[in-house]
Amino acid sequence: MKLSDAERTAALAGLPGWKMVDGRDAIEREFRFADFNAAFGFMSRAALQAEKLDHHPEWSNVYNRVHVVLSTHDAGGLTAKDVALAGFMNGLLPPAS
Ligand SMILES: C[C@H](O)[C@H](O)[C@H]1CNC2=NC(N)=NC(=O)C2=N1
């Protein structure tokens with residue numbers, strides 16, 4: 001079920017680096033790493049979790065950058081599944097990033 005306005009405000013407050021996508025009910029974040037190896041390591045760990053959750057990111061990678069968009073296609077917008085995956089991705093980062 002799509003998040004209410006209050007729920008998404010609360011969710012974003014707890015997800016540093018994430019913001020709403022312009023013109024779409026989705027959230028996005030650009031991750032930057034030391035190099036491609038670190039970026040792809042992040043993607044590999046996130047991919048395993050995505051598969052476990054059966055919830056998959058829209059993402060792209062250029063060298064040390066990974067751009068991620070999360071939205072629940074089945075629900076046509078932002079749900080708790082997106083918040084959970086975004087929180088997991090943030091948790092993969094070293095402290096203070
Ligand atoms: C059949 C399968 O469970 C669904 O298609 C899942 C797979 N991964 C998904 N990922 C995302 N982001 N949204 C979905 O609605 C979705 N649905």
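Along the sequence shown, residues are numbered consecutively beginning with 1. Remember, it's 1-based here, ligands and their atoms both numbered in the order they're listed.
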Are any non-hydrogen side-chain atoms of Leu70 and Glu28 less than 4.5 angstrom apart?
no

For ligand 1, which atoms sit closer than 4.0 Å to a heavy atom of Ser71?
11 (C), 12 (N), 13 (N)

Under a 3.5 Å distance rule, please check whether Ser71 uses its side chain to pair with a backbone N or O of His73 as donor and acceptor.
no

Same cluster or not: Val69 versus Phe31, using hydrophobic residues (I, L, V, M, F, W, Y) connected whenever any side-chain heavy atoms lie under 4.5 Å apart?
no

So, for atom 1 (C) of ligand 1, does the protein have a heavy atom nearer than 4.0 Å?
no

For residues 47-57, which side-chain donor-acceptor pairs fall under 3.5 Å, sequence neighbours excluded?
from, atom 1, to, atom 2, distance (Å)
Glu51, OE1, His56, NE2, 2.8
His55, NE2, Asp82, OD1, 2.6

Consider every N or O of Thr72 and every N or O of ligand 1, then say whether any pair is closer than 3.5 Å.
no

If you have a sec, work out which protein heavy atom is nearest atom 14 (C) of ligand 1 and how many Å separate them, to one decimal?
His73 N, 3.5 Å

Which residue and non-hydrogen atom of the protein lie closest to atom 16 (C) of ligand 1, and at what distance in Å?
Asp74 OD2, 4.0 Å

I need the nearest protein heavy-atom contact for atom 8 (N) of ligand 1: residue, atom name and distance, please.
His56 ND1, 2.8 Å

Candidates Leu53, Leu70, Asp54; heavy atom nearest atom 6 (C) of ligand 1 found on Asp54

Which residues pass the side-chain hydrogen bond (donor to acceptor under 3.5 Å, both in side chains) test with Trp59, sequence neighbours left out?
none

Would Val66 end up clustered with Val21 when hydrophobic side chains under 4.5 Å apart are linked, directly or stepwise?
no

Out of curiosity, is Ala75 lining ligand 1, as in a heavy atom under 4.0 Å away?
no

